[in-house]
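Shown next, in structure tokens, is the structure this report addresses.
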Amino acid sequence: MSDTPPVIEIRNLHKAYGALEVIKGVDIAARKGDVVSLIGSSGSGKSTILRCANLLEDSQQGDILFKGEPVRWKGAGLNRHPADPRQVLRIRTNLSMVFQQFNLWAHLTILQNVMEAPVTVLGRDRHEAEGAARKYLHKVGIGDKCDVYPAQLSGGQQQRAAIARALCMEPEALLFDEPTSALDPELEQEVIRVIKDLATEGRTMMIVTHDMRMAADVSDHVVFLHQGLIEEQGPPDALFGRPKSERLQQFLSSTNPG
Ligand SMILES: Nc1ncnc2c1ncn2[C@@H]1O[C@H](COP(=O)(O)OP(=O)(O)OP(=O)(O)O)[C@@H](O)[C@H]1O
Ligand SMILES: [Mg+2]
């Protein structure tokens, strides 16, 4: 087990926006089947880490490894960029991202939204992709919404469609950035249920969330970030039950215990 490399591993990651250093040396790994949650106050760098992990953002120092394969870079510092666009595409399509704002195409039906990338990016056969898209829409509980447009769905249904779209890429891991933050509490629950099911199935996931109850329920490992550094990390019962750092204690007492 332990000699299989993690699906996604970040080592000593550093990231700046111009002169603003936002990630200051962070190590995070998710092995197959791990659910790793990133928590921390606004601006602590949670989204930036996810975006660097799937190469939506450049980083200046450190390594990013996908199943043991390091990203190859050219240049250094603020001029460091991935060297191989095919490697970037392969890694990015294997780390499907789900965003707070769903990002569905308004002019495509839900079915078309879900099958679009498998067909155009992965070159899958349309018929096969459609079958997979229907399967995943059914799985997230909106199999009856294939032919409607995003605007005709509730926020919770749109987010579940976005999750089906991510699953339809058949990625090695899913990256969630605040998947429930844009939703009303009752719609939030239907999305959390889907995420819990995915965790139970053994999906590898990294989840940025403000929802401490969800983090406690679904995670194997929780990382608390503070100003671009890991302040504390551990299994959820220890992190939430017996926080050691004063900053984490303060953060937890200021967030809604749910
Ligand atoms: N495109 C950008 N250009 C400049 N600075 C940025 C950019 N994106 C993020 N930052 C800065 O980087 C820091 C980390 O931002 P990030 O979005 O990763 O935080 P976060 O932990 O996800 O916060 P939130 O909980 O509010 O989503 C912040 O100081 C932010 O202002
Ligand atoms: Mg964020």
Side-chain angles (χ1 to χ4, degrees), residues 8-30 35-64 71 77-82 88 92 95-103 155 158-159 162-163 166 173-185 188 191-192 195 205-216 218-219 221-234 236 239-240 243 245-258:
I8 175 76
E9 184 174 5
I10 295 164
R11 290 186 192 156
N12 190 31
L13 186 75
H14 289 255
K15 160 83 180 164
Y17 290 103
L20 181 68
E21 207 187 350
V22 297
I23 306 297
K24 303 169 184 168
V26 163
D27 297 82
I28 300 175
V35 179
V36 177
S37 290
L38 308 187
I39 63 169
S41 50
S42 183
S44 58
K46 307 178 296 293
S47 298
T48 303
I49 289 174
L50 279 198
R51 294 169 60 80
C52 288
N54 87 341
L55 307 173
L56 284 171
E57 293 277 359
D58 285 339
S59 48
Q60 283 82 49
Q61 225 192 94
D63 291 308
I64 297 166
V71 171
L78 287 168
N79 291 316
R80 186 174 92 155
H81 308 290
V88 172
R92 194 175 291 154
L95 302 174
S96 275
M97 190 120 165
V98 176
F99 300 92
Q100 179 176 342
Q101 292 299 343
F102 330 135
N103 298 355
Q158 289 187 54
Q159 188 58 301
I163 294 172
L174 293 161
L175 309 182
F176 290 90
D177 193 356
E178 308 261 11
T180 61
S181 296
L183 304 173
D184 294 337
E188 219 177 316
V191 172
I192 291 174
I195 294 172
M205 302 194 274
M206 279 177 62
I207 306 177
V208 168
T209 185
H210 279 131
D211 183 336
M212 296 306 128
R213 174 175 281 182
M214 176 170 76
V218 305
S219 312
H221 191 77
V222 181
V223 174
F224 171 62
L225 289 158
H226 178 75
Q227 295 181 356
L229 282 168
I230 296 178
E231 169 87 7
E232 189 167 338
Q233 58 181 319
L239 208 93
F240 293 117
S245 102
E246 207 167 297
R247 286 193 184 117
L248 176 56
Q249 290 166 10
Q250 271 168 14
F251 173 75
L252 292 176
S253 63
S254 70
T255 54
N256 191 338

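Ligands are counted one by one from 1 in listed order, and the atoms in each one are counted from 1 as well. Please read these numbers as outputs of a predicted model, since none were measured by experiment.
- With hydrogens and angles disregarded, a donor-acceptor distance shorter than 3.5 Å links the side chain of Gln159 to the backbone of Phe99.
- One N or O on the side chain of Gln60 and one on the backbone of Ala16 form a donor-acceptor pair closer than 3.5 Å.
- Every atom of ligand 1 with a heavy atom of His210 under 4.0 Å away is listed here by number and element: 25 (O).
- Scanning the protein heavy atoms around atom 18 (O) of ligand 1, the nearest turns out to be Thr48 OG1, 2.5 Å.
- Nearest residue to atom 20 (P) of ligand 1 from Ala16, Gly18, Gly43 is Gly43 (criterion: closest heavy atom).
- Residue contact annotation: Gln100 places no N/O/S atom under 2.8 Å from the Mg ion (ligand 2).
- Taking all atoms of both residues into account, the shortest heavy-atom contact from Asp58 to Pro82 is OD1-CD, 3.2 Å.
- Ranking the protein heavy atoms by distance from atom 9 (C) of ligand 1 puts Tyr17 CE1, 3.5 Å first.
- Taking NZ of Lys46 as the reference point, atom CD1 of Ile23 lies at 10.0 Å (rounded to 0.5 Å).
- Within the 3.5 Å criterion, the main-chain N or O of Gly25 finds no donor-acceptor partner in the side chain of Asn12.
- Here the side chain of Glu232 pairs a donor or acceptor atom with the backbone of Ser245 at under 3.5 angstrom.
- Of the protein's non-hydrogen atoms, Leu20 CD2, 4.8 Å is the one closest to atom 31 (O) of ligand 1.
- Scanning the protein for heavy atoms near atom 26 (O) of ligand 1, the closest one is Ser42 OG, 2.5 Å.
- For Arg92 (side chain) and Asn54 (main-chain N/O), a donor-acceptor pair under 3.5 Å exists by modelled atom type.
- In this structure, the protein non-hydrogen atom closest to atom 25 (O) of ligand 1 is Lys46 NZ, 2.8 Å.
- Nearest protein heavy-atom neighbour of atom 13 (C) of ligand 1: Val22 CG1, 3.4 Å.
- Under the 3.5 Å distance criterion, the side-chain polar atoms of Ser254 are matched with a main-chain donor or acceptor of Phe251.
- Not a single heavy atom of Gly40 sits under 4.0 Å from any atom of ligand 1.
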Does Ile192 form a side chain to side chain contact (heavy atoms under 4.5 Å, CB included) with Arg213? I'd like the steps, not just the answer.
CA-CA 10 Å; Ile192 291 174; Arg213 174 175 281 182; over 6 Å; no
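- Atoms of ligand 1 lying under 4.0 Å from at least one heavy atom of Ser41, given by number and element, are 21 (O).
- For atom 6 (C) of ligand 1, the nearest protein heavy atom lies under 4.0 Å away.
- Nearest non-hydrogen protein atom to atom 27 (O) of ligand 1 is Ser47 OG, 3.9 Å.
- Applying the 4.0 Å criterion to heavy atoms of Glu178 picks out, from ligand 1, the atoms 25 (O).
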